[in-house]
Participant: 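Before we start, here is the structure in question, set down as structure tokens.
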Amino acid sequence: TARTRLQPEPPDIESLIKQDYQRFEKEGYLRTDKEKQQVLSEIKRFYQKYPYTVRPRSPRYWKFSGLPVPDDPEAIMTVSDKLNASSKTSDGTVRCLWSFGQPNESTSPQLITKQQSGSIHEITVPASGIKPDGTLTVGFMCLEDTSVIFDKEKGLEILYKSSSFEMNFIKCLIIILIKIAFIAALGITAGTFLTFPVASLLVFFILSLCLLSGPLSGIFNLSKPAYTGLVFNESTLFRTLWPLIKMIIPDFAKHSGIERLVSGEVIKTQALLKSLGLLNIVYTLALMLLGTAVFNRKEIADIRE
């Protein structure tokens with residue numbers, strides 16, 4: 001299949017702060033003005049750092065917008081989440097109560113899950129809770145005596161079918177052809193001023209940088225060059241030149257459809273056009289112009305009388 005990922009609207013931190021503050025005040029923990037200011041400051045600091053934290057046995061609701069309204073009453077959707085428990089449970093799992101629809105509606109689907117902390121968990125639920133305007137309220141409650149923290153990037157998502165596997169497969173093949181065209185242009189350009197063995201080595205070297213651009217940036221932390229006194233070695237040189245190299249060399253990880261094809265995530269047409277425009281128009285055109293300029297000024301044959 002080919003599914004679109006949809007994330008919830010950002011949480012209303014001010015509302016969460018007010019809710020927790022009122023709970024502390026109701027339970028009698030706030031007696032002096034100094035305690036009130038201190039607790040309020042701590043609550044603000046907590047939610048600014050962990051906006052996706054849910055306290056034990058305390059409900060939390062997220063709103064999703066832009067969902068397609070299902071025509072079939074038996075339509076289903078997939079909910080993906082990744083959460084971490086603040087403290088370990090006896091068996092390492094977390095029991096959760098989910099609801100999909102308005103909290104006060106008895107017809108809203110509800111489900112109890114038992115999932116591993118720190119791993120991605122997917123559940124298939126009815127899509128009947130989606131409103132006619134394409135919005136859905138997802139409720140969550142942790143049934144354990146521990147707080148849970150949802151991952152910021154893939155903490156909670158809804159996946160719904162938006163295309164077919166065949167169309168996704170064709171788009172993936174087109175992206176592969178786009179990258180092959182870039183490599184071909186690179187090889188032709190290198191062949192205009194280098195011998196065949198040297199041109200091949202240059203192409204394989206640049207191709208390796210294209211494939212390893214992302215991992216290299218993360219491993220060596222190349223965003224901030226570090227100098228120690230007057231020491232200037234290969235590592236310092238590489239750190240200094242890497243921002244320039246990243247501007248010249250494309251990152252193939254940003255132009256890949258295989259991961260989305262395998263995970264069943266739709267390859268958007270905008271992503272395909274972006275790869276086409278960047279790799280085949282900007283980079284390939286620049287390489288072809290460079291190769292044409294070199295070839296026009298190159299002596300091809302040794303002309304003798």
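Keep in mind that what you see is a predicted model, and the values were worked out from it rather than measured. This chain uses plain numbering: 1 for the first residue, then up along the sequence.
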Participant: Do Ile206 and Leu289 share a hydrophobic cluster, counting only Ile, Leu, Val, Met, Phe, Trp and Tyr and linking them when any side-chain heavy atoms are less than 4.5 Å apart?
Facilitator: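 In one cluster with Ile206: Leu289, no.
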Participant: Looking only at heavy atoms, what is the nearest atom pair of Gly187 and Val203, with distance?
Facilitator: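 Heavy-atom minimum between the residues: CA-CG2, 3.7 Å.
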Participant: For Arg60 and Thr53, indicate whether the former's side chain and the latter's backbone hold a donor-acceptor pair under 3.5 Å.
Facilitator: yes
Participant: Check whether any side-chain heavy atom of Ile188 sits under 4.5 Å from a side-chain heavy atom of Leu287, and report yes or no.
Facilitator: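 The answer is no, as the side chains (C-beta and beyond) never meet within the 4.5 Å cut-off.
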Participant: Do Leu186 and Tyr283 touch side chain to side chain, with heavy atoms closer than 4.5 Å?
Facilitator: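 Contact flag for Leu186/Tyr283 side chains = no.
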Participant: Checking Ser263 side chain against Glu259 main chain: does a donor-acceptor pair fall under 3.5 Å?
Facilitator: yes
Participant: Roughly how far apart are Ile249 CD1 and Leu207 CG, rounded to 0.5 Å?
Facilitator: 10.0 Å
Participant: Just by distance, do the side chain of Thr284 and the backbone of Leu279 share a donor-acceptor pair under 3.5 Å?
Facilitator: yes
Participant: Do Phe140 and Leu83 come within less than 4.5 Å of each other through their side chains, counting heavy atoms only?
Facilitator: yes
Participant: Is any side-chain heavy atom of Ile130 closer than 4.5 Å to one of Met77?
Facilitator: yes
Participant: Looking at Asn168 and Ile267, would you say the former's side chain and the latter's main chain have a donor-acceptor pair under 3.5 Å?
Facilitator: yes
Participant: Should Val54 and Ile123 be regarded as members of a common hydrophobic cluster, given that ILVMFWY residues are connected when their side-chain heavy atoms come within less than 4.5 Å of each other, either directly or indirectly?
Facilitator: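 They do share one cluster, since a chain of ILVMFWY contacts under 4.5 Å joins Val54 to Ile123.
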Participant: Please check: side-chain N/O of Ser163 versus main-chain N/O of Val266, any donor-acceptor pairing under 3.5 Å?
Facilitator: no
Participant: Answer yes or no: is there a donor N or O on one side and an acceptor on the other, between the side chain of Asn84 and the main chain of Asp151, under 3.5 Å?
Facilitator: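 Answer holds: no.
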Participant: Tell me whether the count of non-hydrogen atoms from other residues, nucleotides or ligands lying under 6.0 Å of CD in Gln38 goes above 12.
Facilitator: no
Participant: Using a cut-off of 6.0 Å, state whether more than 12 heavy atoms not belonging to Arg3 lie near its atom CZ.
Facilitator: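 Check passes, neighbour count above 12.
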Participant: Evaluate the side chain to side chain contact (heavy atoms under 4.5 Å, CB included) criterion for residues His255 and Leu278: first the C-alpha distance (whole Å), next the side-chain angles of each, then the deciding distance (0.1 Å), finally the verdict.
Facilitator: CA-CA 10 Å; His255 306 277; Leu278 186 61; 3.6 Å; yes
Participant: Atom CD in Glu122, atom OG in Ser80: separation rounded to 0.5 Å?
Facilitator: 4.5 Å
Participant: Is the shortest heavy-atom distance from the side chain of Arg57 to the side chain of Asp145 under 4.5 Å?
Facilitator: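 Yes; the side chains approach each other to less than 4.5 Å.
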Participant: With the 4.5 Å side-chain cut-off for hydrophobic clustering, are Val262 and Phe165 part of the same group?
Facilitator: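 No: no chain of side-chain contacts under 4.5 Å links Val262 to Phe165.
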Participant: Tell me whether the count of non-hydrogen atoms from other residues, nucleotides or ligands lying under 6.0 Å of NZ in Lys179 goes above 12.
Facilitator: yes
Participant: Within the 4.5 Å heavy-atom criterion, are Cys172 and Ile258 side-chain neighbours or not?
Facilitator: yes
Participant: Atom CZ of residue position Phe204 - does it have more than 12 heavy atoms of other residues, nucleotides or ligands inside 6.0 Å?
Facilitator: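 Atom CZ in Phe204 is not packed in, count stays at 12 or less.
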Participant: In Å, rounded to the nearest 0.5 Å, how long is the span from CD of Glu265 to CD of Glu157?
Facilitator: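 One gets 7.5 Å once the value is rounded to the nearest 0.5 Å.
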Participant: Does a donor on one side chain and an acceptor on the other come within less than 3.5 Å for Thr146 and Ser87?
Facilitator: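 Per modelled atom types, Thr146 and Ser87 side chains form a pair under 3.5 Å.
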Participant: Any chance you could measure Asp251, atom CG, to Cys210, atom SG, to the nearest 0.5 Å?
Facilitator: 8.0 Å
Participant: If you measure from OG on Ser117 to CD1 on Ile149, what distance do you get to the nearest 0.5 Å?
Facilitator: 9.5 Å
Participant: Under a 4.5 Å cut-off applied to non-hydrogen side-chain atoms, are Val138 and Ile158 in contact?
Facilitator: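 A side-chain contact under 4.5 Å exists here.
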Participant: Less than 3.5 Å apart, any donor N or O on the side chain of Lys268 or Thr4 sitting next to an acceptor on the other?
Facilitator: no
Participant: Quick one: does Ser275's side chain have a donor or acceptor within less than 3.5 Å of a partner on Ala271's backbone?
Facilitator: yes
Participant: Does Thr192 form a side chain to side chain contact (heavy atoms under 4.5 Å, CB included) with Thr292? I'd like the steps, not just the answer.
Facilitator: CA-CA 8 Å; Thr192 59; Thr292 302; over 6 Å; no
Participant: Just verifying a value: how many Å separate Ile175 CD1 and Arg260 CZ, rounded to the nearest 0.5 Å?
Facilitator: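 Answer rounded to 0.5 Å: 7.5 Å.
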Participant: So which heavy atom on Met141 is nearest to which on Ser58, and how close?
Facilitator: CG-N, 4.0 Å
Participant: Looking only at heavy atoms, which two atoms of Ala127 and Pro70 are closest? And how far apart?
Facilitator: O-CG, 3.6 Å
Participant: Would a single hydrophobic cluster contain both Ile76 and Leu136, if residues Ile, Leu, Val, Met, Phe, Trp and Tyr are joined by side-chain heavy-atom contacts under 4.5 Å?
Facilitator: no
Participant: State, with a plain yes or no, whether a side-chain heavy atom of Trp62 is found less than 4.5 Å away from one of Tyr52.
Facilitator: yes
Participant: List the steps, then state whether side chain to side chain contact (heavy atoms under 4.5 Å, CB included) holds for Thr137 with Lys131.
Facilitator: CA-CA 9 Å; Thr137 301; Lys131 285 186 173 182; 5.8 Å; no
Participant: Can you give me the closest heavy-atom contact between Val94 and Ala85, atom names plus distance?
Facilitator: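 That would be CG2-CB, 4.0 Å.
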Participant: What is the minimum heavy-atom distance between Lys82 and Gly118, and which atoms define it?
Facilitator: CE-O, 3.4 Å
Participant: Out of curiosity, does Met167 fall in the hydrophobic cluster containing Leu173 (side-chain heavy atoms, cut-off under 4.5 Å, transitive links)?
Facilitator: no
Participant: Looking only at non-hydrogen atoms, find the nearest pair between Thr135 and Ser65 and report the distance.
Facilitator: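 In terms of heavy atoms, the two residues are closest at CG2-OG, 3.9 Å.
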Participant: Please test Tyr160 against Phe64 for side chain to side chain contact (heavy atoms under 4.5 Å, CB included), starting from the C-alpha separation and ending with a verdict.
Facilitator: CA-CA 12 Å; Tyr160 61 91; Phe64 290 83; over 6 Å; no
